[in-house]
Amino acid sequence: DQQVVDFADIFGYDIDFQREVHTGDRFGMLYETFEDERGAQVKTGTVLMAEMDGAGLTKTFYRYTPSDDGQVDYFDEHGQSAKKFLMKTPINGARLSSGFGNRRHPILGYTKLHKGTDFAAPTGTPIYAAGNGKIVTYGRNGGYGNFAKIEHANGYTTAYAHMSRYAKGLKRGSYVKQGQVIGYVGSTGASTGPHLHYEVYIHGKPMNAMTLKLPTGRKLEGEQLEQFNAERLRIETLRDSELVQQQLAAAAAPPAPAGPGYTAVPVAASAPAETREGSVD
């Protein structure tokens, strides 16, 4: 289960798993496992490689720790970090209930600009800081209910409304990191049900968070890129070795017994590594 969560975190900057994953999309993971002296698996570890091949995105990321800053991250084949300046959706497991743009206000009844995106989710669902920044507003704010506003670099600001409660230890003036819990979904203020109302501003102008092209994270260069490419080759070699072992095991497996209620099933043909789907351990 943890590896599925990690996979979603790695791709969370590029794809919305509630709305942009479709039937026929393929995914793959290579992750660590730990065994005891008898060879029995006792726990799973970190994801080394994550790949997505679908209608919304085709990309592979590799785990790598640059030696100059020691910060673990995931990079694509060109050395570009998976991280972006802001997360696309600062909440997990939510349903997009209302988008950005002009709409008829569900309570006031007249048409006005909906300056954010609404994500319907159960009360108490964690809300995350979309990026690194400073909390400049953290309290009750009229129709927004329990409200938080974060100032980020380069003129970006994000806002989070209708929260049921705030995260412990935070206050106005606190600095937060991307992905840090800042509050929990609620229905305070002018709200018809529990949801997160999320807004993004650039130099004070409201923007559609779902279509906004965001600045990317770190791009490896020089010696760091060379070291990353060596690690990427090591990970791909591990992946290929695991796939070969699985294919050999499948070829050696006896067919299902024929007889009443049974039908002999031939062994499935081995697929090329790049077309395999599902997790690989």
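Please read all numbers here as calculations on a predicted model, not as lab measurements.
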task: Only counting residues at least two apart or in another chain, list the ones meeting ring pair (Phe, Tyr, Trp, His ring centres under 6.0 Å) with F147.
output: Y144

query: Between the side chain of E221 and the main-chain N/O of G79, is any donor-acceptor distance below 3.5 Å?
result: no

- request: Report yes if some heavy atom in the side chain of R239 is under 4.5 Å from a heavy atom in the side chain of E51; otherwise report no.
  value: yes

- prompt: What's the verdict on side chain to side chain donor-acceptor pair (under 3.5 Å) for E242 and Q246, showing C-alpha distance, side-chain angles and the deciding distance?
  reply: CA-CA 6 Å; E242 289 291 339; Q246 290 188 5; 5.0 Å; no

task: Quick one: pull up CE in M29 and CG in D6 and give me the separation to the nearest 0.5 Å.
output: 8.5 Å

task: Just grab all the ring-ring contact (aromatic ring centres under 6.0 Å, His included) pairs involving residues 233-252, residues at least two apart or on different chains.
output: none

statement: Looking only at heavy atoms, the pair that brings A167 and Y138 closest together is N-OH, 3.2 Å

- request: Quick one: pull up OG1 in T158 and CD1 in I150 and give me the separation to the nearest 0.5 Å.
  value: 4.5 Å

- prompt: By the rule that ILVMFWY residues connect when side-chain heavy atoms come within less than 4.5 angstrom, directly or transitively, which residues belong alongside V136?
  reply: none

- prompt: Same cluster for V176 and L196 if Ile/Leu/Val/Met/Phe/Trp/Tyr side chains link at under 4.5 Å?
  reply: yes

task: Could you tell me whether the side chain of T157 reaches within less than 4.5 Å of the side chain of K149, counting heavy atoms only?
output: yes

task: Return yes if some donor-acceptor pair links the side-chain N/O of H162 with the main-chain N/O of T188 below 3.5 Å, else return no.
output: yes

Check: G193 main-chain N/O paired with H195 side-chain donor or acceptor under 3.5 Å: yes

field: For L238, side-chain contact (heavy atoms from CB on, under 4.5 Å) partners two or more places apart
entry: L30, L48, R234

- prompt: Among pairs that include at least one residue of residues 121-133, which meet side chain to side chain donor-acceptor pair (under 3.5 Å), considering only residues two or more places apart or in two chains?
  reply: none

- prompt: Roughly how far apart are Q180 CD and L170 CG, rounded to 0.5 Å?
  reply: 5.5 Å

- prompt: What closest approach, in Å, do A82 and D14 show between heavy atoms, and which atom pair accounts for it?
  reply: O-OD2, 4.1 Å

query: Between the side chain of D25 and the main-chain N/O of A55, is any donor-acceptor distance below 3.5 Å?
result: yes

Validation row: M210, T89 side chains within 4.5 angstrom (heavy atoms): yes

- prompt: For Y184, does its backbone N or O pair with a side-chain atom of S164 as donor and acceptor, under 3.5 Å?
  reply: yes

task: List in chain and number order the residues that pass ring pair (Phe, Tyr, Trp, His ring centres under 6.0 Å) with F61, two or more places apart in sequence or in another chain; answer none if no residue qualifies.
output: F11

Set of salt bridge (charged side-chain N to carboxylate O under 4.0 Å, His left out) partners for R63, sequence neighbours left out: none

message: Atom CD of residue position Q245 - does it have more than 12 heavy atoms of other residues, nucleotides or ligands inside 6.0 Å?
response: yes

- prompt: E32 side chain to T46 main-chain N or O, any donor-acceptor pair under 3.5 Å?
  reply: yes

query: What distance separates T58 OG1 from D53 CG, expressed to the nearest 0.5 Å?
result: 4.0 Å

- request: Tell me, please, which residues at least two apart from E199 pass salt bridge (charged side-chain N to carboxylate O under 4.0 Å, His left out).
  value: none

query: Is there a donor in the side chain of E223 and an acceptor in the side chain of Q227, or the other way round, less than 3.5 Å apart?
result: yes

field: F27 side chain near V21 side chain, heavy-atom distance below 4.5 Å
entry: no

message: The criterion is ring pair (Phe, Tyr, Trp, His ring centres under 6.0 Å); which residues satisfy it with Y160, sequence neighbours excluded?
response: Y198

- prompt: Does NZ or CZ of K43 come closer than 6.0 Å to the centre of the six-membered ring of F34, within 45° of the ring's axis?
  reply: yes

field: Any side-chain heavy-atom pair of Q80 and K219 under 4.5 Å
entry: yes

message: Tell me every residue that passes side chain to side chain donor-acceptor pair (under 3.5 Å) with S81, counting only those two or more places apart in sequence or in another chain.
response: D73

query: Of the non-hydrogen atoms in V181 and P126, which two are nearest, and what is the gap between them?
result: CG2-CB, 4.2 Å

field: Atom of V185, atom of P194 and distance for their closest heavy-atom approach
entry: CG1-C, 3.9 Å

message: For the CE atom of M207 and the CG atom of L212, what is their distance to the nearest 0.5 Å?
response: 5.5 Å

query: Shortest non-hydrogen contact from A209 to V200?
result: CB-CG2, 3.7 Å

query: Does R38 have any side-chain contact (heavy atoms from CB on, under 4.5 Å) partners at least two apart in sequence or in another chain, and if so, which?
result: D36

- request: Find out if a path of hydrophobic residues (ILVMFWY) with successive side-chain heavy-atom gaps under 4.5 Å connects I10 to L57.
  value: yes

message: How long is the straight-line distance from CZ of F119 back to CD1 of I127, given to the nearest 0.5 Å?
response: 11.0 Å

- prompt: What pair of heavy atoms forms the shortest contact from R165 to N146, and how long is it?
  reply: N-ND2, 4.4 Å

query: Can any side-chain N or O of Q224 pair as donor or acceptor with the backbone N or O of S67 at less than 3.5 Å?
result: yes

query: Is there a donor-acceptor pair closer than 3.5 Å between any side-chain N or O of S241 and the backbone N or O of T237?
result: no

- prompt: Under 4.5 Å between any side-chain heavy atoms of Q2 and V47, yes or no?
  reply: no

message: Checking F228 now: which residues fulfil ring pair (Phe, Tyr, Trp, His ring centres under 6.0 Å) with it, not counting sequence neighbours?
response: Y64, F75

message: For residues I91 and Y13: do they belong to one hydrophobic cluster (side chain heavy atoms under 4.5 Å, members Ile, Leu, Val, Met, Phe, Trp, Tyr)?
response: no

